[in-house]
J.: 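Let me give you the structure first, and then I'll get to my questions.
One-based numbering, in listed order, for ligands and for the atoms of each.
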Amino acid sequence: MRSANLAPAERIIVPLDVPTVEAAVALIDRLPQVTFWKVGLELFVSSGASVLQVLKQRHKRIFLDLKLHDIPNTVAGAAAAAARYGVDLLTVHATNGSAGLATAQTAATDAATAAGLMPPQIIAVTVLTSIDARTLAFELKVPIELPEYALNLAMLARDSGLAGAVCSPQEASQLRDVCGRDFVLVCPGVRPSWAIKGDQKRVMTPAAALAAGADYLVIGRPITAAADPVAAFERICGELELS
Ligand SMILES: O=c1ccn([C@@H]2O[C@H](COP(=O)(O)O)[C@@H](O)[C@H]2O)c(=O)[nH]1
């Protein structure tokens with residue numbers, strides 16, 4: 001999934017972080033200009049896969065953000081099941097290690113091919129954007145600097161055959177330089193200057209994130225929790241077009 005010729009609006013992935021499929025459909029229909037939606041843990045756990053069908057019917061691209069993390073056999077089974085839904089992107093944690101990452105990609109590719117579908121691009125979550133350097137060092141006891149740790153995890157994903165990584169835009173430039181132009185970088189932790197950070201710790205503005213090398217920006221609450229989500233989405237697109 002090369003992203004070279006995409007318009008700014010096509011680079012924005014909006015998460016459906018809502019508790020019911022009805023709320024998800026309302027959001028999808030309120031924002032017809034959004035081409036790429038993310039289904040994450042809240043909606044998938046509450047409502048299962050039905051929303052994926054809704055998105056398919058509306059010809060939307062789908063990022064299934066389940067952040068799979070388990071032993072290789074279990075991750076492979078879940079990745080294969082996800083691939084049979086015909087999703088475009090799927091997440092696993094890079095900390096699965098190389099065996100789990102490689103098995104997930106193979107299982108997803110085999111399952112999609114057997115079903116006559118395009119295989120999903122599997123991308124590895126490096127360091128959650130809600131984690132700051134202090135938490136990484138003092139709670140998680142990771143003994144190297146956060147940017148170096150994120151880079152190591154991205155390289156592990158690349159060397160295990162994955163298509164890309166999820167990272168903070170603060171690490172995007174370094175990951176782009178090392179992992180190459182074709183490695184897909186998906187960045188949450190994106191906040192326009194006028195939005196609040198909430199629980200996100202390692203943030204950048206949308207324009208700065210794209211300039212740093214992100215292919216896709218995951219932008220949720222600044223759009224979905226805005227009084228006028230359509231105006232918020234258009235404002236971000238306008239800022240990206242000016243940059
Ligand atoms: O490191 C990560 C990985 C995934 N996410 C997901 O992205 C969105 C961000 O939503 P906002 O409302 O823009 O904060 C959310 O669905 C997370 O699960 C992330 O934030 N950080």
J.: Any salt bridge between Arg176 and Asp215, counting N to O under 4.0 Å?
T.: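 Salt bridge flag = yes for Asp215 with Arg176.
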J.: Take Asp132 and Thr135, measure what side-chain hydrogen bond (donor to acceptor under 3.5 Å, both in side chains) needs, and give me the verdict at the end.
T.: CA-CA 5 Å; Asp132 60 15; Thr135 303; 2.7 Å; yes
J.: When you measure from atom 9 (C) of ligand 1 to every protein heavy atom, which one gives the shortest distance, and what is it?
T.: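 The protein heavy atom lying closest is Gln200 NE2, 3.6 Å.
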J.: Any salt bridge linking Glu171 with Arg202? Criterion: basic side-chain nitrogen under 4.0 Å from a carboxylate oxygen.
T.: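 Result for this pair is yes, salt bridge flagged.
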J.: My understanding is that we take every heavy atom of each candidate and find the minimum distance to atom 21 (N) of ligand 1. Doing that for Asp199, Ile13, Thr129, which one comes out nearest?
T.: Thr129
J.: Does this structure show an ion pair linking Arg221 with Asp17, if we count only N-O contacts that are shorter than 4.0 Å?
T.: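 The answer is no: the pair does not qualify as a salt bridge.
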J.: In terms of residue, atom name and distance, what is the protein heavy atom nearest to atom 6 (C) of ligand 1?
T.: Lys38 NZ, 3.7 Å
J.: Starting from atom 15 (C) of ligand 1, find the nearest protein heavy-atom neighbour and note its residue, name and distance.
T.: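 The protein heavy atom lying closest is Asp17 OD2, 3.3 Å.
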J.: Output the list of atoms in ligand 1 that are nearer than 4.0 Å to some heavy atom of Pro188, sorted by atom number.
T.: 2 (C), 3 (C), 4 (C), 5 (N), 7 (O), 19 (C), 20 (O), 21 (N)
J.: Which of the numbered atoms in ligand 1 are below 4.0 angstrom from a heavy atom of Val218?
T.: 7 (O), 8 (C)
J.: For atom 18 (O) of ligand 1, which of Arg191, Arg202, Lys67, Arg221 has the closest heavy atom?
T.: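 It is Lys67 that holds the nearest heavy atom.
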J.: May I ask you to check if ligand 1 and Gly220 share an N or O to N or O distance below 3.5 Å?
T.: yes
J.: Knowing that exactly one of Tyr216, Phe63, Phe233 qualifies, which makes a ring-ring contact (aromatic ring centres under 6.0 Å, His included) with Phe36?
T.: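 So, applying the ring-ring contact (aromatic ring centres under 6.0 Å, His included) to Phe36 and each of Tyr216, Phe63, Phe233, only Tyr216 qualifies.
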J.: Do Val39 and Leu55 have side-chain heavy atoms sitting under 4.5 Å apart?
T.: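 Yes, their side chains come closer than 4.5 Å.
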J.: Tell me the contacting part of Leu128 for ligand 1: side chain, backbone, both, or neither, using a 4.0 Å heavy-atom threshold, strictly below.
T.: both
J.: Do Ser46 and Glu42 have a side chain donor and acceptor closer than 3.5 Å?
T.: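 Their side chains do not contain a donor-acceptor pair, so the 3.5 Å distance test is not met.
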